[in-house]
Amino acid sequence: FAVLISGFRPRDSRYSSICTRKIKTVRTLHVVGKSDDVVDSSRSYEVADNFQDPLIVEHDKGHLVPSDKHVRDALKAFMAVT
């Protein structure tokens, strides 16, 4: 499993063939900050597209590890399945 917080694909073209493959064997939780000014949320959604059935949780804050209850609950539920 993987938990990506403000995750993104690298922009370096040397890695584009690796970073655009569909990964079916890894369960993922993607935490996306709507106000992230370091990693635009569109980049986090883009990397989530690489995974089959990604779980995406949004929060209203910026580039940080959120402690919002709904994010904690989603993380707990995600980890309980793993």
Side-chain angles (χ1 to χ4, degrees):
F1 70 91
V3 176
L4 291 84
I5 301 174
S6 298
F8 60 92
R9 289 181 188 160
R11 291 183 175 156
D12 190 321
S13 62
R14 294 176 292 179
Y15 304 107
S16 62
S17 66
I18 297 169
C19 296
T20 56
R21 294 181 194 156
K22 190 74 164 180
I23 301 168
K24 298 179 181 180
T25 58
V26 178
R27 289 183 343 97
T28 57
L29 170 65
H30 302 261
V31 181
V32 179
K34 293 181 189 176
S35 300
D36 193 332
D37 58 355
V38 176
V39 177
D40 189 79
S41 61
S42 64
R43 294 185 71 200
S44 292
Y45 289 112
E46 182 181 63
V47 77
D49 286 341
N50 281 69
F51 298 91
Q52 184 170 320
D53 301 321
L55 175 58
I56 300 172
V57 178
E58 292 182 328
H59 62 88
D60 292 326
K61 297 180 180 79
H63 192 75
L64 51 78
V65 178
S67 61
D68 304 56
K69 182 175 180 349
H70 78 280
V71 177
R72 291 191 324 265
D73 290 346
L75 180 58
K76 287 178 195 175
F78 178 79
M79 296 301 289
V81 175
T82 302

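Here the structure is a predicted model, which is why all the values come from computation and not from measurement.
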*Do the non-hydrogen side-chain atoms of Lys61 and Asp68 ever get within less than 4.5 Å of each other?*
yes
*Identify the two heavy atoms, one from Ala48 and one from Pro54, that lie closest to each other, and give their separation to 0.1 Å.*
O-CG, 3.4 Å
*Shortest non-hydrogen contact from Phe1 toward Met79*: CZ-CE, 3.5 Å
_Is the shortest side-chain heavy-atom distance between Val3 and Thr28 below 4.5 Å?_
no
*Check against side chain to side chain contact (heavy atoms under 4.5 Å, CB included), Val57 and Leu29*: CA-CA 7 Å; Val57 178; Leu29 170 65; 3.6 Å; yes
_Among residues at least two apart in sequence or on other chains, which ones pass side chain to side chain donor-acceptor pair (under 3.5 Å) with Lys69?_
Asp73
*asked:* Quick one, Val39 with Ser44, criterion side chain to side chain contact (heavy atoms under 4.5 Å, CB included). Give me CA distance, side-chain angles, the key distance, then yes/no.
replied: CA-CA 7 Å; Val39 177; Ser44 292; 3.8 Å; yes
*asked:* For residues 43-57, which residue pairs pass the salt bridge (charged side-chain N to carboxylate O under 4.0 Å, His left out) check, not counting sequence neighbours?
replied: Arg9-Glu46
*asked:* Please enumerate all residues that pass salt bridge (charged side-chain N to carboxylate O under 4.0 Å, His left out) together with Arg72, with sequence neighbours excluded.
replied: none
*asked:* Suppose the criterion is ring pair (Phe, Tyr, Trp, His ring centres under 6.0 Å): which pairs have a residue in residues 41-71, not counting sequence neighbours?
replied: His30-Phe51
*salt bridge (charged side-chain N to carboxylate O under 4.0 Å, His left out) partners for Asp12, two or more places apart*: Arg14
*Counterpart residues, salt bridge (charged side-chain N to carboxylate O under 4.0 Å, His left out), relative to Arg11 (two or more places apart)*: none
*Identify, with sequence neighbours excluded, every residue that meets side chain to side chain donor-acceptor pair (under 3.5 Å) alongside Ser17.*
none
*Minimum heavy-atom separation for Phe78 to Ala2, with atom names?*
CZ-O, 3.8 Å
*For Lys34, check salt bridge (charged side-chain N to carboxylate O under 4.0 Å, His left out) against everything at least two apart and list the hits.*
Glu58, Asp60
*Is a side-chain donor or acceptor of Asn50 paired with a backbone partner of Arg21 at a separation under 3.5 angstrom?*
yes
_To the nearest 0.5 Å, what is the distance between SG on Cys19 and CZ on Phe8?_
10.0 Å
*asked:* Once rounded to the nearest 0.5 Å, what's the spacing between atom CG of Leu64 and atom CD1 of Ile5?
replied: 9.0 Å
*Looking only at heavy atoms, which two atoms of Val71 and Pro66 are closest? And how far apart?*
CG1-CG, 3.8 Å
*Quick one: closest heavy-atom pair of Val38 and Asp36, and the distance?*
N-OD1, 2.8 Å
*Atom CG of Leu75 and atom CG of Leu55: how far apart are they, to the nearest 0.5 Å?*
9.5 Å
